[in-house]
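Following: one structure in structure tokens, then a few remarks.
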Amino acid sequence: MKPEIFLYRLALVVMLATSLTMAFRSSARAAGMQEAGGAGPSFPCEKATTSVEKLICSDRNLSALDLEYSRLYGQRLQESDKPEAEEIRSRAKSSLQTRDNCANDRVDAASLKASELECLASWYYGRIAELSEMPSPAPAEWSPRFVAAVEIYIRRNSGLWRMRDQKPVPEVYVRDPGADRFLKMSVEYGAAQPANLDRSVSFYVYRNVAGSLTYVGEYRNLQAGPRYFFNKDGRLAAVGRRFGTRLPNGDPYVESETVFYDAAGRETLRTLLAYEKGKITEPVKALSPPRLEKPSFNTFAAFFDARFKTANNPDPNQLGLCYLDLADGYGSFARILNIPAQPLDFYKNSIPPMNYSGLERSPASGVAQDLGTLDGKRVYSVNYPGDLHALLVERQAGRFLPVMYFSPFTKIDRLEIVKSGDRQVLGYSSRISGSGGQIDEWYFILDRGIPKSVKYRPAVEAELKKILPEHWDTRGGNFELRTLTFSSPVWKEEDARCCPTGGSVKVELGIKDSGFIVKSSRVEKSN
């Protein structure tokens with residue numbers, strides 16, 4: 001069916017959907033995500049012309065799914081604001097080709113029909129999930145409908161906007177390099193990641209999918225591997241796999257296989273869909289991998305204990321952190337140093353694995369510069385070609401770990417160890433060109449013998465909120481490391497960038513325990 005005809009028919013459904021909105025909501029919640037049943041489709045079957053339309057009309061389940069999707073589509077358009085409605089329309093239009101690929105007129109229809117029906121059902125399950133609220137009550141078991149739509153329930157950029165904050169955050173496990181165990185990684189934005197990773201095997205564990213289910217995705221060398229589905233009670237419900245290769249003519253060939261199991265572990269359903277250039281086709285036996293076998297575990301607890309019971313969660317407070325602050329437009333990254341301390345010569349001739357491809361490709365033949373000692377620990381800067389610098393702090397006698405890799409935006413304004421009161425501070429700063437005087441600056445102290453990045457701005461900004469009127473601000477400011485003093489002109493709300501009229505402010509800081517504190521502050525009015 002042409003996209004414009006499909007959308008026109010959906011528009012007609014919208015007129016009917018208004019009076020049915022409340023009834024449909026109640027029935028959809030009551031039904032949860034059970035298989036479709038009842039009347040349909042949303043168009044008259046006597047006028048069906050395309051292969052897809054004829055397939056829908058030939059199957060009771062597909063007919064009901066088509067009607068359910070059409071009603072839900074019209075309902076969501078009415079409920080949504082303009083941006084979300086545009087996204088709904090755009091997704092509906094772009095996904096029609098995927099639906100049409102479920103019919104293949106070039107292959108004997110009799111042998112392929114079961115696969116075509118299964119392909120269409122999966123398409124509808126995914127589209128309905130995109131437009132649905134989270135199931136209420138939460139399901140206790142996986143069904144083919146949930147399995148087909150699992151990506152909608154776990155991807156935060158998929159489905160209704162208002163439901164995205166309810167989607168589960170995965171636990172990520174990556175093999176610990178050189179060890180028969182896994183590292184547990186944080187997936188929070190900006191969180192520190194292990195500096196050295198073995199990506200040969202990794203797992204994404206999603207708990208509370210659709211409120212109560214567990215889903216595990218396995219990856220091998222960053223390629224999708226088996227998928228595991230566990231019910232609310234922890235029992236293994238299904239295993240899936242996606243396999244991809246190329247046909248002799250070079251066209252892409254993909255197989256998707258899923259096997260379901262009952263409470264006794266017996267196989268109850270197996271589906272196998274094959275696609276050539278994205279279009280449903282018959283499996284090519286010469287290319288197909290061996291069929292999926294039942295795993296050795298029957299529960300999520302057994303699966304978890306076998307793989308992740310000894311998983312190590314790298315502790316940055318014990319291992320320290322290294323920051324990557326490169327002038328590449330991507331901001332800074334934090335890395336947990338799960339690598340051993342090395343002699344200085346190691347850094348002159350190599351860059352340790354830091355889980356960042358841009359850094360690992362950099363030339364590694366550097367010149368060391370002695371910056372002195374930080375509370376008794378020797379500090380070096382290693383300067384590599386391409387204006388890349390490593391900042392090293394001694395962790396054991398004669399062995400170092402980096403606290404930072406950086407490349408300045410223009411030139412290095414400061415790279416030194418300064419005595420501030422009874423503490424020593426390692427400071428680096430560089431002006432950012434084209435930013436109106438903004439400075440990229442980093443400061444490190446030793447906290448119980450471990451280098452730690454410290455920032456003065458949180459303490460300063462909290463103090464400015466106390467002493468300045470609302471909507472007055474400093475728009476930058478200057479920090480003098482030797483005296484630990486912040487000073488800046490003050491802009492009133494109506495001031496132009498050139499001309500602050502709010503006087504000036506000065507904040508005197510100190511270092512206590514492992515961070516900056518405010519010792520005193522004052523505001524001086526302009527004359």
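Remark: K455 qualifies as a cation-pi partner of W442 under the 6.0 Å distance and 45° angle criteria applied to the six-membered ring. Both the sub-6.0 Å distance and the 45° axial angle are satisfied by R207 relative to the ring of F304.
Side-chain contact check for Y219 and R199: no donor-acceptor pair (N or O, by modelled atom type) lies under 3.5 Å. Counted by atom type alone, E255 and S288 present one or more donor-acceptor pairs between their side chains at under 3.5 Å.
Here Y153 and Y206 keep their ring centres 6.0 angstrom or further from each other. Ring to ring, Y228 and F297 are close: their centroids are under 6.0 angstrom apart.
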For side chain to side chain contact (heavy atoms under 4.5 Å, CB included), just list the numbers for V259 and K294, CA-CA rounded to whole Å, side-chain angles, deciding distance to a tenth of an Å, and then say yes or no.
CA-CA 8 Å; V259 185; K294 187 178 183 300; over 6 Å; no
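Looking at F400, Y347, F346 one by one, the single match for ring pair (Phe, Tyr, Trp, His ring centres under 6.0 Å) with Y380 turns out to be F400.
Here the closest non-hydrogen pair linking W161 and E84 is N-OE2, 3.3 Å. Considering every non-hydrogen atom in both L55 and C102, the closest pair reads CD1-O, 4.4 Å.
A donor-acceptor pair under 3.5 Å is formed between the side chain of D66 and the backbone N or O of S42.
Counted within 6.0 Å of NZ on K232, heavy atoms from surrounding residues, nucleotides or ligands total 12 or fewer; the atom is thus considered open.
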